[in-house]
S.K.: 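Have a look at this one before I ask anything.
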Amino acid sequence: MSTSPAAEAARRRTFAIISHPDAGKTTLTENLLLAGGAIRAAGAVRARGQARRTQSDWMKIERERGISVSASVMTFDHDGLMFNLLDTPGHEDFSEDTYRTLTAADAAVMVLDAAKGIEPQTLKLFEVCRLRDIPIITFINKMDREAQDPFELLDEVSSKLALDPAPLYWPAGSGGRFKGMLDLRSQQFIPYAKKSSTDEEGHPDPVAFNGNAIVQYLDPEERSELEDNAMLVTEAGKPFDVQSFLEGHMTPVFFGSALRHFGVDQLLAGIGAYAPAPKPAKASKAGAETHVAPGDNEVSGFVFKVQANMDPNHRDRIAFLRLTSGRFTRGMKLKAQNTGKAMSVNAPIMFFASDRELAEDAFAGDVIGIPNHGVLRVGDSLSETGSLRFAGLPNFAPEILRRVRVKDPLKAKHLKKALEGLAEEGVTQLFRPMIGSDFIVGAVGQLQFEVMADRLGNEYQLDVIFEASPYAEARWLVGERADVEDFENKHKSAMGRDIDDQPVFLGKSAWEIGYVAERYPKVRFERTRERG
């Protein structure tokens with residue numbers, strides 16, 4: 001078997017799962033791992049204590065609330081392919097973490113709740129995929145509950161997302177009437193059996209739709225309704241075209257129930273068959289634009305996430321590195337583009353659901369965890385020569401700003417270190433005003449502050465108070481150095497620095513920012529800034 005970097009990269013399918021909260025994303029993640037043979041039992045998110053510990057949610061607050069907060073990665077080998085599943089937080093307060101995770105994905109599975117269709121958060125995440133040209137596979141979940149008409153759901157995908165939906169299967173009924181689905185290409189009927197995903201027995205085997213065995217599963221009326229609908233959808237819609245999907249114009253549509261492990265095997269087969277292998281990545285080398293191909297010999301990659309204290313027994317800090325080229329082997333030295341410092345990667349981690357193993361080697365498309373103490377940050381580019389720089393990952397202007405203090409004044413020094421650590425992970429943003437000693441913390445949503453307070457208490461033993469901040473908006477300043485410095489000197493009371501020591505204007509309102517921006521046309525007030 002060939003293990004050239006190009007051949008190994010071609011075996012990789014690196015994909016993220018995106019959805020609105022409660023559409024069943026964590027359950028689908030569990031069941032994909034089950035289908036891929038990575039775990040033996042799916043731990044559905046349930047509301048009672050220990051029962052709801054799912055493999056992919058490991059942070060304490062996630063277990064208590066039953067939501068995914070930090071994006072995690074799971075790797076499994078199935079059917080000759082290596083799948084890297086990037087789980088993303090569905091909650092909108094963590095959209096920034098999701099955005100960064102999508103930079104490491106080659107495709108996305110969009111999970112829709114059959115009863116609710118496309119919800120606001122799904123729309124927002126979809127826009128991110130569109131910005132990055134990420135092809136999308138649609139999974140319509142919860143067909144075993146009362147659902148909208150499938151034609152209406154397809155219409156919604158078509159009108160709201162401007163994507164051509166191409167169903168590969170068609171459901172027979174929904175809710176209590178859900179009987180299974182028809183494979184529109186092979187004309188096989190896949191029967192659905194009502195039971196839990198922990199049952200040893202799976203769903204019945206597929207049968208020929210036009211054969212005699214179909215009478216066990218559908219009565220004549222149901223059969224004729226399914227036949228009519230299948231004909232209608234086949235004639236009215238565009239046939240599935242892989243090229244159109246890869247270019248981001250079309251989405252193959254799958255139906256099922258993640259909780260009942262129905263339709264999940266078909267979805268996994270679809271990801272294997274249609275999701276793209278890693279593509280060449282845009283980069284700059286010595287200031288010139290270039291492309292890095294997965295089969296290139298030099299090992300390279302970028303850090304899209306940093307997670308501290310995954311293991312509470314050891315104060316660890318793990319940088320998630322998405323490899324873009326070469327064959328990585330354990331013990332290799334890689335250089336960070338921004339510092340030029342070489343680091344030996346002696347204990348790289350591969351993530352298999354909730355277990356971790358040392359990675360002996362890895363290829364483009366794989367995600368490895370690099371333990372480090374504050375050396376690597378989100379947006380860093382790593383390579384053997386240290387000369388490659390991949391496009392940075394965005395920081396967004398926070399929507400909520402709070403002042404943070406520690407109750408015990410003797411711990412102020414610890415607070416600074418803890419806040420810097422969380423800001424480097426990208427959990428929240430940290431601004432140090434030029435005047436005064438308080439730290440200003442910025443977040444996209446309220447839940448981020450709760451996660452932050454929880455982690456400061458559990459991991460750093462710091463009891464903190466978030467107070468109203470005098471500022472409402474933050475903008476990064478961009479322009480000629482002299483112009484920016486002149487502006488800073490005239491607005492010292494409203495100036496701060498971010499974690500990368502970049503100048504930030506802290507405004508009391510959006511109106512104030514607009515007013516100041518008009519008076520200083522040479523300085524740009526930016527809502528996003530690239531890290532890395």
Side-chain angles (χ1 to χ4, degrees), residues 13 15 28 31-32 34-36 78-81 83 107 109-112 114 135-144 147 149-151 153-154 157 163-175 177-195 197 201-245 250-275:
R13 299 290 179 273
F15 67 101
L28 179 61
N31 279 279
L32 280 168
L34 186 65
H78 176 69
D79 218 6
L81 297 173
F83 291 87
V109 173
M110 175 170 69
V111 186
L112 301 181
I136 290 176
I137 294 168
T138 302
F139 182 72
I140 297 179
N141 192 21
K142 304 189 182 180
M143 287 305 297
D144 55 326
D149 178 276
F151 286 102
L153 289 166
L154 295 188
V157 169
L163 269 181
D164 291 329
L168 302 182
Y169 296 85
W170 197 254
S174 73
R177 290 183 57 242
F178 185 54
K179 295 294 173 71
M181 60 190 181
L182 175 65
D183 181 334
L184 295 173
R185 293 159 304 169
S186 70
Q187 292 299 301
Q188 292 266 309
F189 180 74
I190 301 150
Y192 166 77
K194 206 180 274 182
K195 55 183 179 307
S197 60
E201 278 192 34
H203 295 273
D205 289 334
V207 296
F209 184 58
N210 299 318
N212 299 331
I214 193 77
V215 296
Q216 301 173 58
Y217 305 111
L218 298 177
D219 63 33
E221 199 178 309
E222 290 170 329
R223 192 178 159 206
S224 108
E225 184 191 346
L226 180 56
E227 193 166 20
D228 292 348
N229 287 341
M231 205 151 89
L232 187 60
V233 76
T234 312
E235 287 175 3
K238 293 184 181 174
F240 177 57
D241 175 63
V242 177
Q243 198 50 40
S244 181
F245 157 67
M250 181 174 268
T251 176
V253 181
F254 294 80
F255 292 86
S257 161
L259 190 63
R260 306 283 177 219
H261 197 83
F262 184 76
V264 178
D265 295 340
Q266 288 77 12
L267 172 65
L268 186 58
I271 297 167
Y274 309 123

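Here the structure is a predicted model, which is why all the values come from computation and not from measurement.
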S.K.: Does Thr251 reach the main-chain N or O of Thr138 with its side chain, forming a donor-acceptor pair under 3.5 Å?
M.R.: yes
S.K.: Is the backbone N or O of Gly272 less than 3.5 Å from a side-chain atom of His78, with the two atoms forming a donor-acceptor pair by type?
M.R.: no
S.K.: So, taking the atom named CG in Asp205 and the one named CD1 in Ile190, what distance separates them when rounded to the nearest 0.5 Å?
M.R.: 10.5 Å
S.K.: Which atom names give the shortest non-hydrogen contact between Phe254 and Gly270, and what distance separates them?
M.R.: CZ-CA, 3.8 Å
S.K.: Spell out, as yes or no, whether a donor-acceptor pair under 3.5 Å connects the side chain of Asn31 to the backbone of Ala258.
M.R.: yes
S.K.: How long is the gap from CG on Asp144 to CZ on Arg260, to the nearest 0.5 Å?
M.R.: 5.5 Å
S.K.: Could you go through the side-chain contact (heavy atoms from CB on, under 4.5 Å) check for Phe151 and Leu232 one step at a time?
M.R.: CA-CA 10 Å; Phe151 286 102; Leu232 187 60; 3.8 Å; yes
S.K.: Report the distance from atom CG of Asp241 to atom CE of Met250, rounding to the nearest 0.5 Å.
M.R.: 6.0 Å
S.K.: For Pro204 and Ala193, which heavy atoms make the closest approach, and how far apart are they?
M.R.: CD-CB, 3.8 Å
S.K.: Please report the interatomic distance CG(Leu81) to CZ(Arg13), rounded to the nearest 0.5 Å.
M.R.: 5.0 Å
S.K.: To the nearest 0.5 Å, what is the distance between CD1 on Ile140 and OG on Ser257?
M.R.: 13.5 Å
S.K.: Between the side chain of Arg223 and the main-chain N/O of Tyr217, is any donor-acceptor distance below 3.5 Å?
M.R.: no
S.K.: Please give me the minimum heavy-atom distance between Leu154 and Pro165, naming the atom from each residue.
M.R.: O-CG, 3.5 Å
S.K.: Take atom CG of Asp228 as the centre, draw a 6.0 Å sphere, and report whether it contains more than 12 heavy atoms from other residues, nucleotides or ligands.
M.R.: yes
S.K.: Do the side chains of Leu226 and Phe209 get nearer than 4.5 Å, heavy atoms only?
M.R.: yes
S.K.: What are the two closest non-hydrogen atoms of Ile136 and Met110, and how far apart are they?
M.R.: CG2-CB, 3.8 Å
S.K.: Please work out whether the ring planes of Phe255 and Trp170 are parallel, tilted or perpendicular, with thresholds of 30° and 60°.
M.R.: perpendicular
S.K.: Please report the closest heavy-atom contact between Asp265 and Ala35, naming both atoms and the distance.
M.R.: OD1-CB, 3.2 Å
S.K.: Between Leu153 and Leu112, is any pair of side-chain heavy atoms under 4.5 Å apart?
M.R.: no
S.K.: Over 60° means perpendicular and under 30° means parallel, so classify the ring planes of Tyr192 and Phe262, tilted if in between.
M.R.: perpendicular
S.K.: Could you tell me whether Arg177 and Glu225 make a salt bridge, using a distance below 4.0 angstrom between a side-chain N and a carboxylate O?
M.R.: yes
S.K.: Atom CG of Asp219 and atom CD1 of Ile214: how far apart are they, to the nearest 0.5 Å?
M.R.: 11.0 Å
S.K.: Val109 versus Leu267: any side-chain heavy-atom pair under 4.5 Å?
M.R.: yes
S.K.: Grab the two heavy atoms, one from Phe189 and one from Ala172, that are nearest each other, plus how far apart they are.
M.R.: CE1-CB, 4.1 Å
S.K.: Do Asp183 side-chain atoms and Arg185 backbone N/O form a donor-acceptor pair below 3.5 Å?
M.R.: yes
S.K.: So do Phe139 and Leu32 actually touch side chain to side chain, heavy atoms under 4.5 Å?
M.R.: no
S.K.: Run the numbers on Met143 and Met181 for side-chain contact (heavy atoms from CB on, under 4.5 Å), then give the verdict.
M.R.: CA-CA 10 Å; Met143 287 305 297; Met181 60 190 181; over 6 Å; no
